[in-house]
Amino acid sequence: MTQAIALAAALAGFWVLLSGYWLPLIIILGIASILLCVYIAHRLDVCDHEGHPVHLTVPGLWYFPWLVKEIVVSNITVAKAILFGGVRPQVLRVKASQSDELGQTVYANSITLTPGTVSIDVDNNYITVHAIMDGTADGLRTGEMDQKVCKLMGDPVSESGSAKA
Amino acid sequence: MAAALDIISWIFIVGGIAFCLIGGYGLIKLKDVYARLHAASLIDTLGVGLILVGLMFQAGLTLVTAKLALILVFIFFTSPTATHALARAAINHDVLPEVDTEDEREMVRSTKTPSEAAK
Amino acid sequence: MNIEIITSDLLNVATLVIMGITGLAIARIRNLFAVVMLSGIYSLMGATLYVILDAVDVAFTEAAVGAGASTVLMIGTLALTSDREKATPNTRAIKGLFVCTLIFAALVYGSVDMPLYGDPAAPIHNHVAPRYLGESMGEIGLPNVVTSVLASYRGYDTMGETFVIFTAAVGVLTLIGRARRKKGGKDGGRGS
Amino acid sequence: MMYAAAAAGVVVTMLLALVRALIGPNIYNRILAVNVFGTLSVMLIAIYGFVDDRPEFLDLAIVYALINFIGTIAVTKYVTFKDMGHGDDGDPAGDI
């Protein structure tokens, strides 16, 4: 139910953002389409804690700035590698110690969003990653991002290093 | 104040353009499709991000800034999914990344989905 | 001339150049997957050009149908057929070139009579357009003029168009869906 | 002036992506190039809105961003499974 309300609120915000009008006719049309969308989402069963993770909003405030910092740093690393050489493609497998699929998806997407690493497969709590050079791969081998995502999801953080291969 | 905002916004936009161009150069220069994925993600993250933030500084606190932020959020959430889907599609069709060791090649092969591997 | 106009003009030229390169490549490349991908690029560029020419509603349609839906449909078609183009004999190419040149010349001849771009005295700006622009807000109550023209002034027309497009979409989906269905009858996939 | 420079940078990057789409060599390179090209079109339209001082074109840019994503996913899905949504029977791979 929380998720449905959050979805409706997000859709309402989107509507206001795109229209910017406050005429009665337009507002009624807007409310009707929002209700229709929420109903369809409910019928499709996508309105759950995976499809609309509102519970991550507050922890996300800590996670996203860190992720943006990572993205900036690895952008510069990869840009240097493209311009001045140093490209050494490699494949590695890292442990995803999150307890559920949502956490692993967040982790895999964070890996892909960071330039220099692309997650190419998620299987049995391990993520196969293609990295373009040593610098970006080493960042994953230490398992720092893994633990950050665990913290975001509220999972217990394991202290052991998480790299394999 | 306005001049300072202007300068900041131009620094962002020029930075974004620089990352776009480097990413585009990487698309041409790098050796295989997996390496090029990284060049493309240069464009998708900082290239787009810096340009949009620069435009936000130009627009000030208006509806336009909110829309730019919305585009930024969309691209940030969708681009990793698209990249991952592309990598998966390539691997399932036996386009394997150029890597140094046989170990790594085996690791890639083992990620193929069962139905495709059986064919 | 101010900088905005020069920039717009240069963007016009740049988009046209990219579209030209893409078009030539589409004509020359034999790999049909590549052709489909390039036609996606062509549509995106065309849509950008429509934005620059101020035809925002057409740009919406071009982006959604040209770059989105038709790419997917063409890839679907390729999966049912082959992705190599058969070589055509050269004589036909010359005939085709002749026909294309003729049509091109006729179109250019036709465009000589057209009013200048943005000319306020052009007939199209003096018929129903002033009424749409001036009174549609009071008559219909929608802030977007294009929407009130499509959905209200020409409502029946639009309804007919929508039926035609819907029927076409259903037809295409039926064709693609049936040909790929497994013998078991029920599809085990999870849907997209 | 700077908007013009920004637009020029985006157009040059578009040309680079177009070259990648032209030389291939395989379908994945081309899909990647088209994806990048779509992202760049979004940027070009956003910048053009500022050039022309009518940022309401951003609505269009939002729609492009979404279409580009859906298009890429649909094409990769199709190339992977040669099949629109109907996976093989109980195919565990249908989850992209």
Side-chain angles (χ1 to χ4, degrees), chain B residues 6 9-10 13-14 16-28 32-34 36-37 39-40 43-44 47-48 51-52 54-55 58-59 62-68 70-75 77-79 81-93 95 112-116, chain D residues 2-3 5-10 12-17 19-21 23 25-29 31-33 35-36 38-40 42-43 46-47 49-50 55-56 58-59 61-62 64-66 68-81 87-96:
Chain B
D6 238 21
S9 99
W10 291 131
I13 291 182
V14 168
I17 292 295
F19 275 107
C20 277
L21 289 175
I22 295 172
Y25 175 61
L27 275 184
I28 303 294
D32 72 342
V33 64
Y34 297 94
R36 287 177 202 133
L37 282 177
I43 298 176
D44 276 349
V48 166
I51 294 178
L52 287 178
L55 291 180
Q58 285 287 320
T62 51
L63 205 61
V64 173
T65 301
K67 284 181 187 173
L68 287 170
L70 205 62
I71 298 178
L72 191 60
V73 169
F74 277 155
I75 291 184
F77 277 98
T78 56
S79 89
T81 314
T83 310
H84 176 76
L86 187 52
R88 273 295 288 274
I91 282 192
N92 280 341
H93 276 234
V95 181
K112 291 213 310 183
T113 51
S115 67
E116 290 292 332
Chain D
M2 286 298 280
Y3 292 132
V10 172
V12 171
T13 318
M14 274 177 156
L15 281 172
L16 291 172
V19 169
R20 178 46 68 198
I23 58 183
N26 55 24
I27 178 76
Y28 308 103
N29 282 299
I31 297 175
L32 178 65
N35 188 16
V36 169
T39 312
L40 291 169
V42 174
M43 295 319 297
I47 293 172
F50 280 82
E56 59 266 25
L58 286 176
D59 295 352
I62 292 175
Y64 271 36
L66 291 175
N68 189 36
F69 170 65
I70 293 168
T72 308
I73 292 293
V75 170
T76 42
K77 191 171 166 60
Y78 203 84
V79 172
T80 317
F81 303 114
D88 297 336
D89 302 285
D91 179 11
D95 52 0
I96 292 184

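What's counted below: heavy atoms across the whole structure, side chains too, no hydrogens, waters or symmetry copies. Treat the numbers as computed from the prediction; the structure is a model and nothing was measured. Every chain is numbered from 1 and lettered A, B, ... according to where its sequence line falls, protein lines coming before strand lines.
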side-chain contact (heavy atoms from CB on, under 4.5 Å) between L52(B) and V48(B): does it pass, once the steps are laid out? CA-CA 6 Å; L52(B) 287 178; V48(B) 166; 3.7 Å; yes

Given heavy-atom pairs under 4.5 angstrom as the criterion, report whether the side chain, backbone, both or neither of I75(B) touches chain D. side chain

Going through the distances and angles, do R36(B) and I28(B) end up as a side-chain contact (heavy atoms from CB on, under 4.5 Å)? CA-CA 8 Å; R36(B) 287 177 202 133; I28(B) 303 294; over 6 Å; no

CG (L68(B)) and CG (L58(D)) are apart, to the nearest 0.5 Å, by 5.0 Å

Considering only heavy atoms, which portion of I27(D) lies under 4.5 Å from any heavy atom of chain B: side chain, backbone, both, or neither? neither

When only pairs under 4.5 Å are counted, which of T83(B), I17(B), T78(B) shares the most heavy-atom pairs with chain D? T78(B)

Going from OG1 on T81(B) to CD1 on I73(D), what distance comes out if it is rounded to the nearest 0.5 angstrom? 6.0 Å

Considering only heavy atoms and a distance below 4.5 Å, find which of S79(B), G23(B), G24(B) pairs most often with chain D. G24(B)

Relative to chain D, which segment of A59(B) carries a heavy atom at a distance below 4.5 Å: side chain, backbone, both, or neither? both

Which atoms of L86(B) come close to chain D, meaning under 4.5 Å heavy atom to heavy atom: side chain ones, backbone ones, both, or neither? both

Go through it in stages, so that I can follow the logic: the residues are Y25(B) and T13(D), the test is side-chain contact (heavy atoms from CB on, under 4.5 Å), and I'd like the CA-CA distance, side-chain angles, deciding distance and then a yes or no. CA-CA 8 Å; Y25(B) 175 61; T13(D) 318; over 6 Å; no

By a 4.5 Å heavy-atom criterion (distance strictly below it), what part of V36(D) contacts chain B: side chain, backbone, both, or neither? side chain

Ranked by heavy-atom pairs below 4.5 Å to chain B, first place among N68(D), L66(D), I70(D) goes to L66(D)

So, for I47(D) and A6(D), which heavy atoms are closest and what is the spacing to 0.1 Å? CD1-CB, 3.9 Å

Checking heavy atoms, do the side chain of L27(B), its backbone, both or neither come under 4.5 Å from chain D? both

Can you tell me which portion of L63(B) sits under 4.5 Å from chain D's heavy atoms? Options are side chain, backbone, both or neither. neither

Counting only heavy atoms closer than 4.5 Å, note whether Y3(D) contacts chain B via side chain, backbone, both or neither. both

I51(B) versus C20(B), closest heavy-atom pair with distance: CD1-SG, 4.2 Å

Between L32(D) and A40(B), what is the shortest heavy-atom contact and its length? CD1-CB, 3.6 Å

Got a second to check how far L37(B)'s CG is from H84(B)'s NE2, nearest 0.5 Å? 11.5 Å

Against chain B, label N35(D) side chain, backbone, both or neither, depending on which of its atoms sit under 4.5 Å from a heavy atom there. side chain

Honestly, the part of L70(B) sitting under 4.5 Å from a heavy atom of chain D is side chain

